[in-house]
Structure formats: C-alpha cells, structure tokens
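Take a look at the structure set out below.
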Amino acid sequence: MEIQEIKSKLSLASVLQYYGLTPDRNNRLRCPFHNDRTPSLQVYPETNTCYCFSGNCKTHGKSMDVIDFVMNKENTTKHEALKICAGMAGGTAGENGKKGENGEDDKAGGSPPSSPASPASPSERSKFLERMFSYFRHALPSSQPAREYMKSRGLAWTRTEAGYNSGQFHHGSRKEEALISQCLEHGLLLDKNLTGKDGAKIYGVFGKGCLCFALRDREENIAGLYFRSISDDKEQRHFYLKNRKGLYPGYPQAGTRTLILTESVIDAASLVQLTSDNGQLTMNGGTSVLALYGTNGLTEEHREAIGGLAHLEEVIFFLNGDEPGKKATEKHAAELKSLYPRLLITAVPVPENEDVNSLLQGHEPEILTHLIENRREVGSGELRVENSFLSTEPTTETLNPETLKPETLKPSLDTANPHNLRFRGKAATYQIRGFRAEQGDSLKIT
C-alpha cells in the first residue's frame, strides 16, 4: 500500500482510538510522547495532523501525520510505522491499545503481534473471551494476593464476577500453538521479538497481575475484558483489551426505570455485590447499575444502551467526589438531558475525594443507600428523597433545601406509607422502615 493511499484511508482519529486516546472537546489531549501534566497535543481533524506545543516533547516543532504519530508511539522506524499503518488501514493491525479510567493512555508496550490471515468473527472472539475469562475466574480462588486485594476494596470474591490473570495461561501443558495464536490476535499476548535461553519464544502478557472483569454485549456475550492492577500502580492501573466493546456489568435490562452510572468498573462492582440479581436493584420497580470508563468514558455504546431503554425515567450520576468527577457529571448530565429531555437527571452528593468503593471500604453499606436517597436533580438544587434505595415503593418527595433549615422546620409525623414512618423534628428527620408480609423482617432507623 502506497503512502498516499495509507494517508487517504487512515484517519488520525482512528489511530488515536486504536491507542485508546480520546481528545477533549477542544481536540486536545495529554501528549503520549512525554510526561504531560496538561493537554499540550493539539489535533487538527481538517488536516489529519497533530502538533505538541510542549518544549519538553521529542516531537516539538514538527507537525505529525498518521505515520509520524505511529512511528513516535511505537518508537520504531518509518518503514515499520508504514507497515503498522497499512495494517490499520486494512483492519488487520494488532498492537494492543488501552485507556485508563480517567481518559489517560496506559502504555501498551511491545511491538504489534502478527495478524492471522483472516480476523476472527465477533462470535469467535466472544467464544475465545468466554474461555479465557472462565480460566481467569478459576484462577482467582488460588491467588491469595488477588483475594486480599479484593478484601481491601470491600469486594467479596465469592460474590463478584471477577477473575485473576497471573500471566501463566500460556505455559506448561497449555502452551499450544492455537491458543497462543488466538491470544496474539486478540491482544492477551504481545510479541516482543524475544527468545529465551532455550530458543523458545517469550511473549509479553497483557493485564498480568490484574483482576479481570467481563464487558458484555446486548446479548450478554463477553465482548471485551477490563483488567485492574492489584499493585495500585499510580501510572498504570486500568487496562482494556484492544478493540474495546461491551458494558459492565452488562446492558441494562429492558424494564429499567432508574439507571445508576458510576465512574469505574470497581465502583459498579461495589454496588452490584450489594444486590442479588446481577445489578438489577428493585428501587422504583427496576434499577440497573452501569459503569462508565472514567470521567471521559461515556461512549457511544453507553449512549445507545441508554437510548434503547423505553421505560427509563431517571439517570443517577454516582461519580467521584473530586473536581474531575463533578465536572464530568455536569458535562455528561447536560449531554444526556439534550439527547433525552424527558429524563430526570440527578447526582449523588459524594463527599470530597470519596467514591463508591472508598465509601464502601470505610463505612457500612447503608451509607451508599443514604447518599443515593439524598441525590439532587442536576441544575435545580432540589433534594430528592426516595423512601428506600432497595424499596419497590415508587413514591418520590421533592424538598426545597431552604425548608430544611432548623429554624424553619416544624415537627411533623408522616404515616402515609405504613412501611416507612417519618418524623421530622427541629434537629433531625427520623425514618422507621418496617417490612412487608412477603419479605423478611427488618427494622431500619435513619
């Protein structure tokens, strides 16, 4: 394939997506070629080029096209970059790109593995990922570090659909050519052109030392894998298998009326394990949990999933309580409101620098219930109180925060719901929650 043909067929946007890089709304992103604290790489879609304005960058002073970008990203020759770009343009290249949960690029490492004669079909890919995820799940119980890490995060490995990648899946009796070929094709192994002392090929292992979570498609098949390092390395924590597809814990059920969006897979897993039906809560007749892929991780697949929910009434943002989380909530809430004006968009008041999982680690699970019940409609400042996070009662009360000031409160007893008695005093509001005949006995006082 000639250079001009490559440039005409391969867009810079495709190359960025290939490496898991997403520009912001101003077409800027953190430069992957140097330690960039603020976005200094400007993308020019109209000319299919980009330019880094940092004086610390090895590319500074030179505009880059798709070939230059790949050459710098792979740290290779122009000839090798041309071959990689030709593969991308033809849909057969195989380097493993991945994206961190905060929209940052996680270093891929290694050279692109060779591609098979014909890429696997979606069904073949799904079967392969199902097989590998099953292997990872069986490996989790025997890994003490993985189990201890999950415990430290407040996650019970017996109740969470997760696995562990020790990096040994292609060794010993499992070292078969067909498996290695598939792992290279789908990115679980990286060919670094290295050989051992015995002359045997040595492969890099993608997601080694990581928990593994399955990303599922609309038919509930595994379409992708997400890996989370248990070493808590600040530079590289989050890894998505190349050609990322699928949602976690899966597409929301068709009858979903309330959808809770979290910032990360771990946060979603924290909520999912508190329920007994694959993340389908029972508040308001059907609530689902869905993980975004970081503050910049509201993807087209998320939008399609949300748009396909005919009975959806409310979207709840339960993102991190830091500045990026707050800005992302405002940004994504405005987008969803413009796309689906009929939806109620609310946000959970997360304490400063906390998130779903950190709250679960430091408190009783009821704190998540409490925070969700005190969510506010985005942009209105109104406090929305549900009578229970895990209730099936649909009643909603809208309160004006001004009326909650101690000097304006008048004692009152609300017995409208016999299963949720409320007494509002001058110092606090008390709730006594009873039980239904068909449910187990419970008495919760908040």
When you compare the side chains of [X] and [Y], does any donor N or O come within less than 3.5 Å of an acceptor on the partner?
X	Y	answer
S14	S11	yes
N357	S270	yes
R153	Y149	yes
Y293	E263	no
T256	S288	yes

Nearest atoms (heavy-atom pairs only) where [X] meets [Y]:
X	Y	result
C50	L12	CB-CD2, 3.8 Å
H34	C57	ND1-CB, 3.5 Å
A291	T262	CA-OG1, 3.5 Å
L29	T22	CB-O, 4.2 Å
T346	V378	C-CG2, 3.8 Å
E185	K242	O-NZ, 2.8 Å

Could you give the distance from [atom1] ([X]) to [atom2] ([Y]), rounded to the nearest 0.5 Å?
X	Y	atom1	atom2	answer
R147	M150	CZ	CE	11.0 Å
I202	L189	CD1	CG	12.5 Å
L271	I266	CG	CD1	12.0 Å
L259	Q253	CG	CD	12.0 Å
L247	E304	CG	CD	9.5 Å
M64	C31	CE	SG	6.0 Å

Electrostatic pair [X]:[Y] at N-O distance under 4.0 angstrom:
X	Y	value
E313	R342	no
K83	E74	no
R375	E314	yes
K7	D65	yes
K127	E124	no

Just wondering, do [Y] and [X] contact through their side chains at under 4.5 Å, heavy atoms?
X	Y	result
I260	L290	no
V350	L371	no
L188	V205	no
N320	E354	no
R30	T38	no
N75	K58	yes
F318	D267	no
N221	R216	no

Looking at the rings of [X] and [Y], which for Trp means the six-membered one, are their centres under 6.0 Å apart?
X	Y	value
F133	Y135	no
Y240	Y226	yes
F206	F227	yes

Using a 6.0 Å cut-off, check whether atom [atom1] of [X] has over 12 heavy atoms from anything other than its own residue.
X	atom1	result
E130	CD	yes
E352	CD	yes
D24	CG	yes
Q42	CD	yes

TODO: Using modelled atom types only, decide if a donor and an acceptor are shared between the side chain of R159 and the backbone of Q273 within a distance under 3.5 Å.
DONE: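 Yes.
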TODO: Without swapping roles, check the side chain of N165 against the backbone of G207 for a donor-acceptor pair under 3.5 Å.
DONE: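 Yes; judged by distance alone, with no hydrogens or angles, the pair exists.
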- [ ] Please list all pairs passing the side chain to side chain donor-acceptor pair (under 3.5 Å) test where one or both residues lie in residues 331-340, with sequence neighbours left out.
- [x]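 Residue pairs with at least one partner in residues 331-340: R303-E335.
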Task: T329 and its side chain to side chain contact (heavy atoms under 4.5 Å, CB included) partner, picked from L319, T295, V348, L261 - done: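 The residue from L319, T295, V348, L261 that satisfies side chain to side chain contact (heavy atoms under 4.5 Å, CB included) with T329 turns out to be L319.
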Task: Test log, rule side-chain hydrogen bond (donor to acceptor under 3.5 Å, both in side chains), inputs E219 and Y251 - done: CA-CA 8 Å; E219 285 71 41; Y251 273 66; over 6 Å; no
- [ ] Kindly assign one of parallel, tilted or perpendicular to the pair F213 and Y248, based on the angle between their ring planes and the thresholds 30° and 60°.
- [x]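 Geometry flag for Y248 against F213: perpendicular rings.
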